[in-house]
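Reviewing the structure listed below.
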Amino acid sequence: MAQSVKGMRDLYGSELRAFRLVEDTARAAFARHGYEEIRTPILEYTEVFKRTVGESSDIVNKEMYVFKDRGDREVVMRPENTAAVVRALIEHKLLGSSDPRLLFYIGPMFRYERMQAGRYRQFWQIGAESFGVSTPESEAESLLLLFEILKGLGLTQLKLSLNSVGTPESRPAFYAAFRAFFDAREPEYCEDCHRRIGENPLRVLDCKNDRCQKALEGHPLITDFLDEASKHHHARLKELLAALGIPFEENPRLVRGLDYYTRTAFEVLSSDLGAQSALLGGGRYDGLVKQLGGPDTPAFGWAIGLDRLASVVQQVKGEVGATPPALLVPLGEAAALEAAKLAQAWWDRGLPVQLDTRGLALKKVFASADRLGIKTVLLLGDGELAEGVVTAKHLATGEQTKVPFAEVPTRLSPAKA
RNA sequence: GCGGCUGUAGCUCAGUUGGUUAGAGUACCGGAUUGUGAUUCCGGGUGUCGGGGGUUCGAGUCCCCUCAGCCGCCCCA
């Protein structure tokens with residue numbers, strides 16, 4: 001049988017409705033907050049991600065869909081979108097003014113990884129980025145927006161895991177201290193940790209090996225090595241979040257997989273997702289714009305895993321049901337034409353009415369309507385035609401009434417359809 | 001990229017130490033006097049047993065390869 005490409009899936013039915021629910025909720029929140037949408041291409045030149053996400057990161061190292069196009073250019077299917085958005089802003093010279101530059105995006109990302117529940121090779125992200133503001137207040141605003149979306153979806157149990165990873169200037173001191181700590185008990189750490197200490201030292205901290213965890217007791221904290229400005233920044237953000245009622249817990253061991261983060265880093269995990277528990281993540285990336293050749297611009301942003309959030313929404317709220325419109329069923333040729341005319345007029349007025357053009361026996365029409373979850377069937381036969389009415393049957397109650405054509409629009413308000 | 005498990009009807013699954021036309025529930029299709037569903041009754045199996053190769057008189061069942069999915073690791077959304 002024909003199959004979709006490994007790791008890529010078709011979205012339809014209740015899962016797609018869950019996606020749309022999340023998207024609609026997010027778009028409404030973005031609009032309230034003054035965030036504008038941006039859409040960038042799926043394909044980017046490899047350099048965009050190599051220079052930003054980090055040469056040593058797994059994403060660049062082993063997960064990118066890289067290939068040569070017919071013009072022999074090396075391109076990559078975007079593994080994330082922040083770097084691409086920054087590239088676009090630089091290219092169109094949209095940075096450098098003091099005007100707010102608040103952007104959001106919704107789209108698919110691609111990473112070549114081993115399949116697992118909640119981990120797909122094409123997955124979707126909803127992201128928000130705010131450029132040009134370095135204050136903790138801007139971060140609080142962005143996180144308020146984020147929690148507004150989660151709350152709008154009925155997810156109130158989620159908690160932010162928060163850390164500050166300092167700046168490129170302050171981090172070396174921490175790394176040195178941590179390395180010294182590691183070296184002192186070096187033989188006690190597992191093989192993976194010996195690899196991690198070179199690539200991303202913080203990763204050692206969340207090793208699942210019991211011996212490693214024991215050897216880590218009393219390790220230096222990155223938050224103790226912050227410069228004064230970063231320390232104040234971090235303290236102020238925590239103060240704001242507490243005052244604004246955003247639930248968070250400090251996690252000095254929090255690490256992110258992308259190299260470009262500075263100061264604030266955070267993520268939200270969900271216990272409803274199995275091993276792939278990361279629901280969303282983000283943080284500050286003050287150096288990224290300059291790194292890609294733009295004006296020195298502070299920035300903060302986050303990305304939600306749409307596939308995973310939709311999954312959590314379905315687990316918490318149950319399947320997202322469809323809401324089909326009423327079904328207008330003509331009986332016979334004369335009625336078929338009249339029904340089309342009526343439907344045409346009603347559609348012009350914005351009414352949700354599905355026109356049945358199958359010409360099936362009524363019992364099949366009703367059986368089908370029942371399966372589709374249709375609430376109201378409007379019958380138009382010769383008798384109705386002569387009277388200028390439709391017979392409206394509510395499937396749930398079996399109740400049947402005659403409704404003059406002119407009254408259908410008021411009777412068919414979306415709530416009653 | 002590493003390790004383990006699974007794959008039979010649209011769905012959930014049964015199928016004996018290898019044995020004859022591959023089953024159940026549900027869903028679906030047709031019918032029970034032509035304009036009334038979700039109940040009932042009657043009828044229908046709709047299948048490349050994931051795919052390919054091998055062993056065997058004989059393979060859904062055993063072996064190898066492969067594809068897909070699931071679980072864990074790595075990592076991340």
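Side chains are part of it too, since the values below use all heavy atoms of this structure and drop only hydrogens, waters and symmetry mates. Throughout, protein chains are lettered first and strands after them, A, B, ... in sequence-line order, and every chain is numbered starting at 1.
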Quiz prompt | Base paired to B:U6 (Watson-Crick or G-U; both N/O distances under 3.5 angstrom) | solution = B:A68
Quiz prompt | Integer angstrom distance from the P of B:C11 to that of B:A77 | solution = 33 Å
Quiz item: Would A:R284 and A:T264 satisfy side chain to side chain donor-acceptor pair (under 3.5 Å), going step by step from the backbone distance to the final call?
Solution: CA-CA 5 Å; A:R284 176 161 289 285; A:T264 307; 5.1 Å; no
Quiz item: Nearest to the side chain of A:R371 - B:G35, B:C28, B:A68?
Solution: B:C28
Exercise. Report the distance from atom CE of A:M8 to atom P of B:A68, rounded to the nearest whole Å.
Key: 12 Å
Quiz item: So what does A:R119 hit on the nucleic acid, given a heavy-atom distance under 4.0 Å: a base, only sugar-phosphate, or nothing?
Solution: base
Exercise. Look at all strands and tell whether A:Q116 reaches a base, only sugar-phosphate, or nothing, counting heavy atoms closer than 4.0 Å.
Key: base
Quiz item: With sugar-phosphate meaning primed atoms plus P, OP1 and OP2, does A:G373 contact a base, only sugar-phosphate, or nothing at under 4.0 Å between heavy atoms?
Solution: nothing
Exercise. Mind checking A:E191 for me? I need base, sugar-phosphate or nothing, with any heavy atom below 4.0 Å counting as a touch.
Key: nothing
Practice problem: Answer yes or no: side-chain N or O of A:R114 and base N or O of B:G3 forming a donor-acceptor pair under 3.5 Å. | Solution: yes
Exercise. Assign A:R195 to base, sugar-phosphate, or nothing according to its heavy-atom contacts below 4.0 angstrom with the strands shown.
Key: sugar-phosphate
Quiz item: Whom does B:U17 pair with, Watson-Crick or G-U wobble, provided both distances fall under 3.5 Å?
Solution: none
Quiz prompt | Residue pairs passing the side chain to side chain donor-acceptor pair (under 3.5 Å) test where at least one lies in residues 361-371 of chain A, sequence neighbours excluded | solution = A:R358-A:S368
Quiz prompt | Rounded distance in Å between the C1' positions of B:C49 and B:G18 | solution = 15 Å
Exercise. Have a look at A:L395 and say if it touches a base, only the backbone sugar-phosphate, or nothing, with a 4.0 Å heavy-atom cut-off.
Key: base
Quiz item: For the pair made of CD in A:Q400 and C1' in B:A38, what is the distance, rounded to whole Å?
Solution: 15 Å
Practice problem: Mark yes or no: A:R121 above the aromatic ring of A:Y112, with NZ or CZ under 6.0 Å from the six-membered ring centre and no more than 45 degrees from the axis. | Solution: yes
Self-check item: Minimum-distance nucleotide (side-chain atoms of A:A117 versus B:A77, B:C71, B:U36)
Solution: B:C71
Practice problem: Indicate whether any N or O donor in one side chain lies under 3.5 Å from an N or O acceptor in the other, for A:T82 and A:E129. | Solution: yes
Exercise. Look at the side chain of A:Q122 and the base of B:A77, then say whether one donor and one acceptor between them are separated by less than 3.5 Å.
Key: no
Quiz item: With a 4.0 Å cut-off on heavy atoms, is A:K393 in touch with a base, just the backbone sugar-phosphate, or nothing at all?
Solution: base
Practice problem: Under 4.0 Å between any heavy atoms, over every strand shown, what does A:L379 touch: base, sugar-phosphate, or nothing? Just pick one. | Solution: base
Quiz item: Whole-Å distance between B:A77 P and A:L11 CG?
Solution: 19 Å
Practice problem: Can you tell me, in whole Å, how much space there is between the P of B:U8 and that of B:G44? | Solution: 26 Å
Self-check item: Length of the line joining A:M64:CE and B:C75:C1', which is rounded to integer Å
Solution: 15 Å
Practice problem: Look at all strands and tell whether A:E63 reaches a base, only sugar-phosphate, or nothing, counting heavy atoms closer than 4.0 Å. | Solution: sugar-phosphate
Quiz item: Hey, is A:F366 stacking on B:A38? Ring centres under 5.5 Å, planes under 30°.
Solution: no
Quiz item: Which base sits across from B:A22 as a Watson-Crick or G-U pair, both distances under 3.5 Å?
Solution: none
Practice problem: Can you tell me the distance, in whole Å, between the CG atom of A:D272 and the C1' atom of B:A77? | Solution: 16 Å
Practice problem: Give every residue pair that meets the ring pair (Phe, Tyr, Trp, His ring centres under 6.0 Å) criterion with at least one member in residues 188-207 of chain A, sequence neighbours excluded. | Solution: A:F182-A:Y189, A:F182-A:H194
Self-check item: G-U wobble or Watson-Crick pairing nucleotide for B:C73 (cut-off 3.5 Å, both distances)
Solution: B:G1
Exercise. Provide the Watson-Crick or G-U wobble partner of B:G43, both distances under 3.5 Å; none if there is no partner.
Key: B:C29
Quiz item: Atom NZ of A:K364 to atom P of B:G31: distance rounded to whole Å?
Solution: 4 Å
Exercise. Taking only the side-chain nitrogens and oxygens of A:K6, find out if one of them lies under 4.0 Å from OP1 or OP2 of B:A68.
Key: yes
Quiz item: With respect to A:P41, which candidate in A:M77, A:R78, A:R87 satisfies the side chain to side chain contact (heavy atoms under 4.5 Å, CB included) definition?
Solution: A:R87
Practice problem: Evaluate the ring planes of A:F300 and A:F266, with Trp represented by its six-membered ring, and classify them as parallel (under 30°), tilted (30 to 60°) or perpendicular (over 60°). | Solution: parallel
Quiz item: Which part of the nucleic acid, if any, lies within reach of A:R121 when heavy atoms closer than 4.0 Å are counted: base, sugar-phosphate only, or nothing?
Solution: nothing
Exercise. Using whole Å, report how far CG of A:D370 lies from C1' of B:A38.
Key: 4 Å
Quiz item: For A:A367, which contact category applies under a 4.0 Å heavy-atom criterion: base, sugar-phosphate, or nothing?
Solution: sugar-phosphate
Quiz prompt | Shortest side-chain distance from A:Q3, nucleotide among B:C74, B:U36, B:C67 | solution = B:C67
Quiz item: With a 4.0 Å cut-off on heavy atoms, is A:N81 in touch with a base, just the backbone sugar-phosphate, or nothing at all?
Solution: nothing
Quiz item: Distance between the P atoms of B:A68 and B:C75, in whole angstroms?
Solution: 25 Å
Self-check item: Length of the CG-C1' vector between A:D192 and B:C2, whole Å
Solution: 10 Å
Quiz item: What interatomic distance, in whole Å, is found between P of B:U16 and the corresponding atom of B:G50?
Solution: 14 Å
Practice problem: For nucleotides B:C62 and B:U46, find the distance between their C1' atoms and express it as a whole number of Å. | Solution: 31 Å
